[in-house]
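Side chains included, hydrogens not; waters and symmetry mates left out as well; all remaining heavy atoms used.
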There are 2 protein chains.
Amino acid sequence: MARPTRPTRSTTRRSPCPVACSLDLLGDRWTLLIIRDLLWGKTRYGEFLTSPEAIPTNILAERLARLETAGIVQREPYQQNPPRHAYTLTPKGAELKAVLTTLATWGRRHLPDTAAKSPATAGKPEPPAAPKKPAKRS
Amino acid sequence: MARPTRPTRSTTRRSPCPVACSLDLLGDRWTLLIIRDLLWGKTRYGEFLTSPEAIPTNILAERLARLETAGIVQREPYQQNPPRHAYTLTPKGAELKAVLTTLATWGRRHLPDTAAKSPATAGKPEPPAAPKKPAKRS
DNA sequence: TGCGTGGCTTGCAAAAAGCAAGTAACAAGC
DNA sequence: GCTTGTTACTTGCTTTTTGCAAGCCACGCA
């Protein structure tokens, strides 16, 4: 018989507390950074990889899938050959902007040598530079 | 010679982004739950252990030490025999209330079956029940 | 036909989390 | 003074997650 495996974060809710439940979903080093990038207007896999924190590719793929099943991001094809998808925030995900804003404010006020740019107060500071091969739209 | 160990979260800052730096400090499943408990007025080691999420004791001890060195909590003796300490938020830590509030608001709005009680909107709902042995003060 | 590009997946080692048990310092009761 | 109980940790070990590098696949273009 299957050995009794330990409860894992993806399957187990630790308590009904809204903070705990939110952290079950978002509480790690990478997830909120991806959402920061989405708020900055990034949409493609490769764009997330260019952020200075250098998220590993497997973690990025896993987190995007997790956020999609959680209804925080949506994944839509923007071309067919080869199949490519754009990731965007759902309304549910977009409301995390308030969390990112307060977190950035706290960090800027209390952590030394943090840059002024913040995910929510800043708009898209520069267009993300079109992919080198725009590829014919379907 | 020492083999080149992997950069670890406690030693490495991933970028100067205030969000990333905040997450280097707070980005895990437990840290913000401890701060939630502190905002609820909990101060003693044993009180944190009674929260429904059931944080493992070694993780609690390690996080409290980390938060103390980060200047987010302070640890002060409240009796001498046996030596006991009370953990409280510094002003820097207390400002995380805004983060917890927005996180709880988001969770209550978007995650099913989360309880209404939130760390910041609620005051201390009940006195934490004095320790069984109040122990003579020094 | 062969390269380059974007988007993932896989394998494996290192780090962190999780669980149970142990330890220490004392108070109180017998 | 010996045992029991309480609080606050620490230690040892297993499981899970992270991080890094490499591989793979579908295509566009030369």
Task: Nucleotide D:dA26, atom C1' - distance to CD of A:Gln79 in whole Å - done: 11 Å

TODO: List for me each residue that meets side-chain contact (heavy atoms from CB on, under 4.5 Å) alongside A:Asp24, sequence neighbours excluded, and say none if there are none.
DONE: A:Arg13, A:Arg14, B:Arg29

- [ ] Taking only the side-chain nitrogens and oxygens of A:Thr8, find out if one of them lies under 4.0 Å from OP1 or OP2 of D:dT17.
- [x] yes

- [ ] Figure out the CD1/P separation between B:Ile55 and C:dA16, and round it to whole Å.
- [x] 16 Å

- [ ] Measure from CZ on B:Arg14 to P on D:dT18 and round the result to the nearest Å.
- [x] 12 Å

- [ ] Could you pull out all residues at least two apart from B:His85 that satisfy ring pair (Phe, Tyr, Trp, His ring centres under 6.0 Å)?
- [x] none

Open item on the list: Roughly what angle, to 10°, lies between the helix axis at the start of the helix from C:dT1-D:dA30 to C:dC30-D:dG1 and the one at its end, five pairs per end?
Closed with: 10°

TODO: Would you mind reading off the distance between A:Arg29 atom CZ and C:dA14 atom C1', rounded to a whole angstrom?
DONE: 13 Å

Task: Phosphate OP1/OP2 of C:dG18: any A:Arg9 side-chain N/O under 4.0 Å - done: no

Open item on the list: Can you build the contact string for nucleotides 8-14 of chain D? Use B for base contact, S for sugar-phosphate-only contact, and - for no protein heavy atom under 4.0 Å.
Closed with: SBBBB-B

TODO: In plain terms, say whether B:Asp37 and B:Arg44 are close enough for a salt bridge, that is, a side-chain N and a carboxylate O under 4.0 Å apart.
DONE: no

Task: Inter- and intrachain pairs under salt bridge (charged side-chain N to carboxylate O under 4.0 Å, His left out), touching residues 77-89 of chain B, at least two apart - done: none

Task: Integer-rounded Å distance: C:dA15 P and B:Asp28 CG - done: 18 Å

Task: Pairs satisfying ring pair (Phe, Tyr, Trp, His ring centres under 6.0 Å), at least one member in residues 86-107 of chain A, at least two apart - done: A:Trp106-A:His110

Open item on the list: Would you say B:Trp30 places a side-chain N or O within less than 4.0 Å of OP1 or OP2 belonging to C:dG18?
Closed with: yes

Open item on the list: What is the separation between atom CD1 on B:Ile34 and atom C1' on C:dA17, rounded to the nearest whole Å?
Closed with: 13 Å

Open item on the list: Measuring only between side-chain heavy atoms, which start at C-beta, is B:Thr88 closer than 4.5 Å to B:Leu38?
Closed with: no

TODO: Would you mind reading off the distance between B:Ile59 atom CD1 and C:dA15 atom P, rounded to a whole angstrom?
DONE: 17 Å

Task: Pairs meeting criterion ring pair (Phe, Tyr, Trp, His ring centres under 6.0 Å) with involvement of residues 41-70 of chain A, two or more places apart - done: none

Task: Partners meeting side-chain contact (heavy atoms from CB on, under 4.5 Å) with B:Ala86 (sequence neighbours left out) - done: B:Thr43, B:Tyr78

- [ ] State which residues pass salt bridge (charged side-chain N to carboxylate O under 4.0 Å, His left out) with A:Glu68; sequence neighbours excluded, sorted by chain then number.
- [x] none

